[in-house]
K.L.:
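Take this structure, written in structure tokens, and hold onto it; I'll ask about it next.
One-based numbering, in listed order, for ligands and for the atoms of each.
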Amino acid sequence: MTSKTLIIGACGQIGSELTRALREIHGKDQVIASDIKESNPEIVASGPFEIIDAKDYEEIKHCVEKYNVKTIYLMAALLSATGEKYPEKAWDLNMTTLFNVLNLAKNKVIETVFWPSSIAVFGPSTPKSNTPQHTIMEPTTVYGITKQVGERWCEYYHKNYGVDVRSLRYPGIISWRTKPGGGTTDYAVEIYHKAIEAGSYTCFLSENTSLPMMYMDDAVQATLQLMNANSADLSIWSSYNLAAISFTPAEIADSIKKIIPDFKVEYAPDFRQNIADSWPNSIDDSLARTDWNWSHTFNLDAITQEMLQKLDKKALI
Ligand code: AKB
């Protein structure tokens, strides 16, 4: 039996796209999708799917043994905004699932792990522009704390137990197929949906809040590139800085207005403004670019064109 890949959190925004991409590359039966419930009918129908509570080590192990899984992508997490509403739940989910997967690798049940980190590892004392890989990290959100601590554990498991765990500090990810849930950068997806559905949007961040962002196709590409890289070429075993573009809500609105001239945006910042203000506005990802040849493709106008075109088609189906 050939070795397989398991995606935990396969119904979510990034997990669903990774499942789709990996199934296209390796064949649908090579990639096992799993989640706590069947919330993405397309993913459930497009190959093997298992309900797994990733907080339960034995449940993951059972699935791994059933399918001969050697690689796990752990994409389940509570994000920054939801994490602030349920701090203990965020800590429990984000850390327990990470330990379960790291321990499966430590115990040689699996060989390789991908675990996403985030720009949320940074905080108000971090240099805001062109934020370096190694810098002050004092995150103020529970989500950011779990990502920062998780990075330390990834590096610890690599150095002390030889675990091959790879990670990226994702910026805000923009995609049309599956909506994000519970993040601070979600506005940059919502705005496209509302532009098509209503011609107007009330943004929960202020107009000049600049944040690092990336189109989903670039994020999937980066993830697969890192996972395919030769381990000898990797200099970071905590999590790589990763960047594409940065923009503000006003800039994304202007980009949309080039295609929908009557589009209207209002600004009503809420608790997520504080979170956004604590994060960098641009990221230095030169190590990713030199270690494994990362480069992004999509700029803001290219993202806007794709998003509006795809969402418009989706609305018509
Ligand atoms: C969030 O906004 O919480 C996430 C992230 C930047 O990790 N999209």
K.L.:
Do you reckon I32 sits in the same ILVMFWY cluster as F49, going by side-chain contacts under 4.5 Å, direct or chained?
P.N.:
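Different clusters.
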
K.L.:
Closest heavy-atom contact between F247 and I252?
P.N.:
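Answer, listing the atom of F247 first, then I252: CE1-CD1, 3.6 Å.
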
K.L.:
Check the angle between the aromatic planes of W294 and W292 and answer parallel, tilted or perpendicular using the 30° and 60° thresholds.
P.N.:
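Taking W292 first and then W294, their aromatic rings sit tilted (interplane angle of 30° to 60°).
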
K.L.:
Determine whether the aromatic ring centres of W176 and Y192 lie less than 6.0 Å apart.
P.N.:
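Ring centres of Y192 and W176 not closer than 6.0 Å.
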
K.L.:
At a heavy-atom distance under 4.0 Å, which protein residues reach ligand 1? Sort them by chain and number, would you?
P.N.:
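Those residues closer than 4.0 Å to ligand 1 by some heavy atom are L79, S80, S118, I119, Y143, G183, T184, T185, W279.
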
K.L.:
So, are R272 and E84 salt-bridged, with charged N and O less than 4.0 Å apart?
P.N.:
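No, no charged N to carboxylate O under 4.0 Å.
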
K.L.:
Would you find more than 12 non-hydrogen atoms of other residues, nucleotides or ligands less than 6.0 Å from K85 atom NZ?
P.N.:
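Open: at most 12 neighbouring heavy atoms sit under 6.0 Å from NZ of K85.
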
